[in-house]
Structures are given as C-alpha cells and as structure tokens.
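See structure below.
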Amino acid sequence: MGNSAIVDLSFFRRDVLRVAPELVGKIIARDFGSGLVKRYRITEVEAYRGEEDLACHASKGRTARTEVMYHHGGKVYVYLIYGMYWMLNIVTGEEGCPSAVLIRGIEEVVGPGKVGRELGIDRSFYGRLLEPESLLWIEEDGCRCEVVSTPRIGVAYAGPFWANKPWRFVDKDHFTKFKS
DNA sequence: GCGTCGATCTAC
DNA sequence: TAGATCGACGCG
C-alpha cells in the first residue's frame with residue numbers, strides 16, 4: 001500500500017448505505033504503540049440502519065450501549081458478543097440518525113470476532129473518533145475494487161424482511177474466500 | 001434479582 | 001454440533 005491519506009470524518013456523516021460499500025477497499029490503520037502501525041485492507045462490511053432496522057441494535061432504542069450510534073458519524077461503536085468477541089463498528093450518518101458499519105473482514109482475517117482480536121479492540125475504543133490520536137483510523141489510497149452485496153450474516157432473529165436486505169458488502173476479489 | 005440470548009468462533 | 005462466557009435487556 002503506497003501513498004494514502006487519512007479519510008476525513010465527513011466521509012462517515014452520510015447514509016450508511018453509501019458509506020458501507022465505499023469502505024470496502026479502504027484501509028484501516030491501527031497504532032499499537034512503540035512506532036508499530038499496521039494497515040489492513042477492508043474486505044467485508046455490513047450496514048445497520050436506524051431504529052426501524054430490526055437487526056440494528058438501535059431498534060432497542062437509545063440505551064447506554066447504543067448511545068454512540070446516535071452521535072454523528074466517524075466514531076467507534078464496539079460491543080462484546082458471546083462474552084468473548086469485540087465487534088468493531090463505525091458510526092455513520094448525522095446526529096440523531098443511528099446507523100453503523102460492522103467491519104467483518106480485513107485482508108486475510110475473515111470474521112468480525114477475529115477482526116476485533118487482530119486489531120486489539122476492547123471496550124476502551126467505544127466512542128473514540130477515527131483519527132490518529134485514537135490509535136485507530138481509516139485511510140484511502142485510491143484503490144478501487146468491485147463490491148458484491150449479499151444478505152447480512154447471523155441476523156435471522158430480525159425476521160426475513162430485514163434479514164434479506166442485501167446490506168453486506170464484500171470485495172469481489174475476496175468473495176470466493178468467504179463461506180456463506 | 002434472575003433468566004434469556006446474542007451482528008461468533010473453535011474444537012470435539 | 002456443542003461449549004465457551006458475560007453484558008444488555010426484559011420481566012417483575
């Protein structure tokens with residue numbers, strides 16, 4: 001990955017259905033300290049959109065957990081699932097419009113639980129802005145990739161109307177590596 | 001206070 | 001195919 005620029009926070013302050021597919025192919029950068037910065041190409045994401053989306057945590061309303069989803073875009077939303085895995089999300093949209101993008105895959109790391117582990121994500125990241133001071137940010141290097149959309153994974157509980165929405169976005173070149 | 005279940009992953 | 005493992009949420 002050659003020259004790349006930090007993605008401005010205004011990028012995230014748009015409809016999640018525009019932000020999510022555009023995030024595929026961008027780079028997530030993590031500063032581990034001691035001068036170690038790792039960069040990973042984003043290969044798979046999912047969009048969660050508003051209180052009406054029964055697969056979205058904001059469908060439960062504004063709670064301590066979902067609070068940050070109601071903020072303006074560009075912040076980190078993390079939560080622990082199954083008592084073991086930290087799910088990494090990026091808040092999108094304007095203030096008061098709860099939505100977020102779940103990072104499901106980065107290069108060779110397939111699966112949101114493994115993404116959180118690889119990036120060393122924990123609850124301390126909740127609410128941070130995506131900027132170098134937060135040790136986690138997004139970069140753009142002009143790479144353009146073809147994006148394939150499919151239904152979201154693991155949200156059958158939301159009912160077929162929402163579970164069937166094609167709001168999972170995958171880099172086509174990586175698509176064959178993903179099992180459905 | 002207590003029971004249920006989850007935007008998952010791994011090992012048996 | 002079941003077990004790990006715990007916080008959020010709903011009920012009362």
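The CZ-C1' distance, from A/F169 to B/dA7, rounds to 15 Å in whole Å. Rounded to whole Å, atom P of B/dG6 lies 15 Å from atom CZ of A/R152. When rounded to the nearest whole Å, the span between CG of A/D53 and P of B/dA7 equals 11 Å. The interatomic distance linking A/L88 (CG) with B/dT8 (C1') rounds to 15 Å, in whole Å. Atom P of nucleotide B/dT8 and atom CD of A/E118 are separated by 18 Å, given to the nearest angstrom. Put simply, CZ on A/R65 is 16 Å from P on C/dC6, counting in whole angstrom units. The separation between A/R117 atom CZ and C/dA4 atom C1' is 13 Å, rounded to whole Å. As a whole-Å value, the separation of A/W86 CH2 from B/dC9 C1' is 17 Å.
Remark: A/R128 is not positioned above the aromatic ring of A/Y126, lacking an NZ or CZ atom under 6.0 angstrom from the ring centre and at most 45 degrees off the axis. Under the 6.0 Å distance and 45° angle rule, A/R30 counts as a cation-pi partner of A/F32. Geometric assessment of A/R152 against the ring of A/Y48 yields a positive cation-pi assignment under the 6.0 Å and 45° thresholds. Within the cation-pi definition used here (under 6.0 Å to the ring centroid, within 45° of the axis), A/R65 qualifies as a partner of A/Y79.
Considering only side-chain atoms of A/K60, the nucleotide from B/dA7, C/dA8, C/dG10 that sits closest is C/dG10. Nearest to the side chain of A/Y77, among C/dG7, B/dA7, B/dT10, sits B/dA7. Considering only the side chain of A/L102, B/dA7 comes nearest among B/dT8, B/dA7, B/dT10. Here B/dG6 is the nucleotide among B/dG6, B/dT10, C/dA8 with the atom lying nearest to any side-chain atom of A/Y82. For A/L80, counting side-chain heavy atoms from C-beta on, the closest listed nucleotide (C/dG7, C/dA8, B/dA7) is C/dG7. Listed nucleotides C/dC6, B/dA7, C/dT5 differ in distance to A/M84; the shortest reach to its side chain belongs to C/dT5. Of the listed nucleotides (B/dT10, C/dC9, C/dA8), B/dT10 has the atom at the smallest distance from the side chain of A/K114. Minimum atom distance to the side chain of A/R123 is reached by C/dG7, of the listed C/dC9, B/dA7, C/dG7.
A stacked arrangement is not assigned to A/Y79 and the six-membered base ring of C/dG7, the conditions of a centre distance below 5.5 Å and an interplanar angle below 30° not being jointly met.
The phosphate of B/dA7 (OP1 or OP2) has no side-chain N or O of A/R168 nearer than 4.0 angstrom.
Rounded to the nearest Å, the gap between the P atom of C/dT1 and that of B/dA7 is 22 Å.
The base of B/dA7 sits within donor-acceptor range of the side chain of A/H57, with an N or O pair under 3.5 Å.
In terms of position along DNA chain C, the nucleotide closest to A/Y85 lies nearer the 5' end than the nucleotide closest to the other residue of the pair A/T63 and A/Y85.
A donor-acceptor pair shorter than 3.5 Å cannot be found between the side chains of A/S99 and A/R49.
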